[in-house]
Visitor: 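Structure in structure tokens, see below.
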There are 2 protein chains.
Amino acid sequence: MTTTQSNVRVNSVDITKHASTDDALCLENQVCFSLYSAANAMVRAYRPLLDKLDLTYPQYLVMLVLWEEQGINVKTLGDKLFLDSGTLTPLLKRLEAKGLVTRGRSEQDERVRVLALTPAGFTLKTLASEVPHLMRCKVGGEASELKALKAICDQTLKQLQASADAPTASDI
Amino acid sequence: MTTTQSNVRVNSVDITKHASTDDALCLENQVCFSLYSAANAMVRAYRPLLDKLDLTYPQYLVMLVLWEEQGINVKTLGDKLFLDSGTLTPLLKRLEAKGLVTRGRSEQDERVRVLALTPAGFTLKTLASEVPHLMRCKVGGEASELKALKAICDQTLKQLQASADAPTASDI
DNA sequence: TTAATTTTGGTTGTGCGCAATTCAATTGTG
DNA sequence: CACAATTGAATTGCGCACAACCAAAATTAA
């Protein structure tokens, strides 16, 4: 079932179960708005926790990656976080200015920035260790619900990336 | 079940099913990161559709509200969209500059801005009417899944707003 | 009625997010 | 080797998000 061409089936569903224009343009019916608002609220909720680490949420994400694996470059980091160099370069400079990260150069390829933690950056992991639990309390809900949320978000991201590469008829 | 003090139960779950610090700080395990990435991808996917209307996604959200109901003020709009005046004021000025929206003043209360559509703003609704369907195709997935996604996002937003008002022990 | 408080919106400053562009380093090809 | 194409990162410019702060108007209290 789920292996058939999804878009075609979706189209047919939208045609058979056709909602009026007013219904479709109604804010209350918009999944994307719920996703957008929940994501904003999530970043907002992280703020007081991350203020104690002097990190923003995107900076925290970069630190999560570097606590797992050092010596990676900006491209790899961007692939993991789904962010590009226009976002990461200034962010990494800020982390460097705070003394948490070093931005070296690869010897094999002079273009490549090699990212690593300073001792202070590594130490910050201890302070960060309580953040997930505190955030978990704020979010609430059943573990199974959150697992389902993660699964649908991951699936949606994947699908959106796929439809970004193979665009609409107007491009042909 | 769902009416009991949620945080307490969540705490106990976190204690009994305790994950290691490394597991908790692992990017792969972070629901919030999935939510954040999916929301970013969603805004990105809207962009080519909304470019045809010369709107950004937040601007589109404001237009959705105004297509439903005119004559509202900035506060009410912000309550509906979960955005504050720092975000909305410049955004509304841009919509005004595009000739889509008027920012009048209430006669009863000189502070309140009364937002309304220009004829061009109202007409844009016709052009926007195909956006939901096109976006629905990009997102893919079963209708039931998206309904579930919306429900969990709405619930999460509500919970995060609640825990923002009644903060942690460190504030006492 | 004055004084204190609340409400509404605006301003400023910081940090993303991303499209578009640029640039230098590397790789591929004849 | 020359030279075109590719790649990794940086830069520029715009539009959010939001905290912090401010001013004016309205409401309430004294």
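Keep in mind that what you see is a predicted model, and the values were worked out from it rather than measured. In what follows, chains carry the letters A, B, and so on, assigned in the order in which the sequence lines appear, proteins first and then strands, with residues in each chain numbered from 1.
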Visitor: Using salt bridge (Lys or Arg N to Asp or Glu O under 4.0 Å) as the criterion, list what pairs up with A:Asp79, not counting sequence neighbours.
Guide: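 Testing A:Asp79 for salt bridge (Lys or Arg N to Asp or Glu O under 4.0 Å), a comparison that skips the adjacent residues, returns A:Lys75.
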
Visitor: Would you list the pairs meeting salt bridge (Lys or Arg N to Asp or Glu O under 4.0 Å) in which at least one residue belongs to residues 61-70 of chain B, sequence neighbours left out?
Guide: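 Listed by first then second residue: B:Glu69-B:Lys80.
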
Visitor: Does B:Gln108 have any side-chain hydrogen bond (donor to acceptor under 3.5 Å, both in side chains) partners at least two apart in sequence or in another chain, and if so, which?
Guide: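 Partners of B:Gln108 under the side-chain hydrogen bond (donor to acceptor under 3.5 Å, both in side chains) test: B:Ser106.
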
Visitor: Calculate, to the nearest 0.5 Å, the distance between atoms CG and CZ belonging to A:Leu157 and A:Phe82 respectively.
Guide: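 That separation rounds to 4.5 Å.
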
Visitor: Could you tell me whether a side-chain N or O of A:Glu110 sits under 3.5 Å from a main-chain N or O of A:Arg105, the two making a donor and an acceptor?
Guide: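 Pair absent, no side-chain N/O of A:Glu110 close to backbone of A:Arg105.
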
Visitor: Only counting residues at least two apart or in another chain, list the ones meeting side-chain hydrogen bond (donor to acceptor under 3.5 Å, both in side chains) with A:Thr87.
Guide: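 Listed in chain order: A:Asp84.
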
Visitor: Who pairs with A:Thr118 by side-chain hydrogen bond (donor to acceptor under 3.5 Å, both in side chains), at least two apart in sequence or on another chain?
Guide: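 Result, side-chain hydrogen bond (donor to acceptor under 3.5 Å, both in side chains) vs A:Thr118: none returned.
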
Visitor: Taking any atom closer than 4.0 angstrom to a non-hydrogen atom of chain B, what span of DNA chain D does the protein reach, first nucleotide to last?
Guide: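 Taking any atom under 4.0 Å from a heavy atom of chain B, the span is D:dG15 to D:dA26.
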
Visitor: Run the salt bridge (Lys or Arg N to Asp or Glu O under 4.0 Å) test against A:Glu96 and tell me which residues pass, sequence neighbours left out.
Guide: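 Residues passing salt bridge (Lys or Arg N to Asp or Glu O under 4.0 Å) with A:Glu96: A:Arg103.
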
Visitor: Select from B:Asn40 and A:Arg111 the residue whose nearest nucleotide in DNA chain C is closer to the 5' end of that strand.
Guide: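 The 5'-side residue here is B:Asn40.
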
Visitor: Where along residues 81-103 of chain A does a heavy atom fall under 4.0 Å from DNA chain C?
Guide: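 Under 4.0 Å from DNA chain C: A:Phe82, A:Leu83, A:Asp84, A:Gly86, A:Thr87, A:Leu91, A:Arg94.
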
Visitor: Could you check how far CE of A:Met42 sits from C1' of C:dC16, rounded to whole Å?
Guide: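 Whole-Å distance recorded here is 13 Å.
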
Visitor: Quick one: A:Asp51 CG to C:dT14 P, roughly how many Å, whole number?
Guide: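 It works out to 16 Å between those atoms.
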
Visitor: Could you pull out all donor-acceptor pairs under 3.5 Å where a side-chain atom in residues 36-50 of chain A meets a protein atom, sequence neighbours excluded?
Guide:
| from | atom 1 | to | atom 2 | distance (Å) |
| --- | --- | --- | --- | --- |
| A:Ser37 | OG | A:Phe33 | O | 2.9 |
| A:Tyr46 | OH | B:Gln30 | OE1 | 3.4 |

Visitor: Kindly write out the residues that satisfy salt bridge (Lys or Arg N to Asp or Glu O under 4.0 Å) with A:Arg94, not counting sequence neighbours, or none if the list is empty.
Guide: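 Result, salt bridge (Lys or Arg N to Asp or Glu O under 4.0 Å) vs A:Arg94: none returned.
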
Visitor: Which of residues 56-80 of chain B have a heavy atom under 4.0 Å from DNA chain C?
Guide: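 Only B:Asn73, B:Val74, B:Lys75 qualify.
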
Visitor: If you assign each of A:Arg44 and A:Val114 to its closest nucleotide in DNA chain D, which residue comes earlier from the 5' end?
Guide: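 Looking at the nearest nucleotide for each, A:Val114 comes out on the 5' side.
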
Visitor: Rounded to whole Å, how long is the line connecting atom CZ of A:Arg113 with atom P of C:dC23?
Guide: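 That distance rounds to 18 Å.
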
Visitor: Run the side-chain hydrogen bond (donor to acceptor under 3.5 Å, both in side chains) test against B:Gln155 and tell me which residues pass, sequence neighbours left out.
Guide: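 With neighbours one apart ignored, the set is empty.
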
